[in-house]
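Worksheet: the structure to be examined is printed underneath.
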Amino acid sequence: MDTFRPVADNLRNAEKLVFVTGAGISQESGIPTFRGKDGLWRKYDAMKLATIDAFYEDPKLVWEWYEERRQNILAAKPNPGHVAIAELERHKQVHVLTQNVDGLHQRAGSKLVYELHGSIITIKCTVCDFKDKITSSLSELPPLCKCGNILRPDVVWFGEPLPQDVWQDAMLQASSCDVMIVVGTSLAVSPANLLPVYAKQNGATIIEVNPEETPMSSSMDLSLRSSAAKALPELISIVSK
Ligand code: OAD
Ligand code: ZN
């Protein structure tokens with residue numbers, strides 16, 4: 001129960017908590033990370049699967065990969081890490097800035113989730129305005145829009161900009177929080193990896209939960225070498241005291 005002790009007062013006194021999350025928070029839900037030991041980018045070439053050029057080159061191949069991930073994600077359940085973040089809303093103002101596309105924070109009950117890299121559950125047309133949440137499995141790959149053009153997952157691919165409204169909100173929340181807790185991200189991808197920098201520049205206490213070191217570990221007020229599902233539930237007893 002002592003994990004967060006060095007920053008316990010900061011947590012208790014905080015009005016606004018901001019979480020920055022990455023693939024690691026969903027690892028204990030059975031969803032692989034990108035750069036870890038069983039990471040997806042160790043097995044697959046991101047440039048062949050996660051760019052718009054790759055998609056137009058071979059939409060079926062890209063869709064087969066995404067559809068497998070979609071089914072794995074739809075069958076997965078939020079773990080105690082996601083659930084703890086959602087429960088903290090009973091005690092504090094909580095905003096979740098996530099790089100994940102899996103929707104598990106929302107399914108755990110978090111209300112203010114900013115999806116920096118989009119959502120794998122949402123599908124949109126490459127040409128018209130069609131966009132919809134689709135939880136059933138897709139039989140025809142690539143799926144086609146009513147307008148006749150190819151549909152794509154509503155995720156941000158390499159080389160694509162983040163949804164600007166979401167990014168603006170995320171920067172604002174990062175710059176105005178009292179405590180930022182960075183969970184399960186290697187902080188290898190820009191611009192999401194700037195969010196802890198904005199928080200620190202604005203005087204927030206910054207905490208990291210990650211079994212591995214990251215480029216920002218030494219800048220953290222507390223860097224915990226722990227898994228999300230183990231560490232995060234401990235936050236509840238601290239802030240509810
Ligand atoms: P990464 O795979 O780069 O990093 C996952 C991090 O989670 C690593 O630092 C691990 O040490 C840590 N980790 C592993 N298991 C954990 C656990 N149980 N609890 C806590 N931490 C754990 O994933 P991201 O940083 O999210 O983008 O990657 C960022 C972006 O790169 C992704 O959104 C994706 C990817 O390419 C796009 O597809 C655009
Ligand atoms: Zn269309």
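As the structure lists them, so they are numbered: ligands from 1, and atoms in each ligand from 1. Model, not experiment: these values are computed from the prediction.
Remark: the Thr122 side chain and the Lys131 side chain contain no N/O donor-acceptor pair separated by less than 3.5 Å. Under 3.5 Å, the side chains of Arg225 and Ser223 contain a donor-acceptor pair of N or O atoms. There is no side-chain donor-acceptor pair under 3.5 Å between Ser119 and Asp154.
Proximity to Gly22 (heavy-atom distance under 4.0 Å) selects the following atoms of ligand 1: 26 (O). Close contacts between ligand 1 and Phe158 involve ligand atoms 36 (O) [criterion: under 4.0 Å to a heavy atom]. Heavy-atom contacts of Glu28 reach the following atoms of ligand 1: 17 (C), 18 (N), 19 (N) (cutoff under 4.0 Å).
If you check which protein heavy atom lies closest to atom 23 (O) of ligand 1, you get Ala23 CB, 3.5 Å. Considering only non-hydrogen protein atoms, atom 1 (P) of ligand 1 sits nearest to Ser186 OG, 3.7 Å. At the shortest separation from atom 10 (C) of ligand 1 among protein heavy atoms lies Asn210 OD1, 3.5 Å. Summary of contacts: the protein heavy atom closest to atom 25 (O) of ligand 1 is Thr185 OG1, 2.7 Å. When only non-hydrogen protein atoms are considered, atom 29 (C) of ligand 1 lies nearest to Gln99 OE1, 3.2 Å. Among protein heavy atoms, the minimum distance from atom 27 (O) of ligand 1 is reached at His117 ND1, 3.5 Å. Distance from atom 6 (C) of ligand 1 to its nearest protein heavy atom, with residue and atom name: Gly184 O, 3.4 Å. The nearest heavy-atom contact from the protein to atom 16 (C) of ligand 1 is Gly24 O, 3.4 Å.
By the 4.0 Å heavy-atom criterion, Trp157 is excluded from the residues contacting ligand 1. Within the structure, ligand 1 has Val156 among the residues with a heavy atom less than 4.0 angstrom away. In this structure, Pro211 is part of the shell of residues with a heavy atom less than 4.0 angstrom from ligand 1.
The distance criterion of under 3.5 Å between nitrogen or oxygen atoms is met by Phe34 with respect to ligand 1. Residue Ala228 places at least one N or O, backbone or side chain, under 3.5 Å from an N or O of ligand 1.
Proximity of Trp41 to ligand 1, defined as any heavy-atom pair under 4.0 Å, is confined to the side chain (atoms from C-beta onward). Both the backbone and the side chain of Arg35 come within contact range of ligand 1, each with a heavy atom under 4.0 Å. Under 4.0 angstrom from ligand 1, the non-hydrogen atoms of Val189 all belong to its side chain.
With the Zn ion (ligand 2) as the vertex, atom SG of Cys125 and atom SG of Cys128 span an angle of 110° (nearest 10 degrees).
Nearest heavy atoms, Ile85 versus Ser110: CG2-OG, 3.9 Å.
Other residues, nucleotides and ligands contribute at most 12 non-hydrogen atoms within 6.0 Å of the CD atom of Glu140. In Asp45, the CG atom is crowded: over 12 heavy atoms of neighbouring residues, nucleotides or ligands sit closer than 6.0 Å.
Ring pair His105/His82 is perpendicular by interplanar angle, where above 60° counts as perpendicular and below 30° as parallel.
A donor-acceptor pair is defined here as one N or O able to donate and one able to accept, closer than 3.5 Å; such a pair exists between the side chain of Arg107 and the backbone of Ala76. Looking only at distances, no side-chain donor or acceptor of Asp132 sits under 3.5 Å from a matching main-chain atom of Ile134. Judged purely by atom type and a 3.5 angstrom limit, Arg70 uses its side chain to pair as donor or acceptor with the backbone of Ile120. A donor-acceptor pair under 3.5 Å is formed between the side chain of Thr214 and the backbone N or O of Met216.
A distance of 7.0 Å separates OH of Tyr114 from CG of Leu97, quoted to the nearest 0.5 Å.
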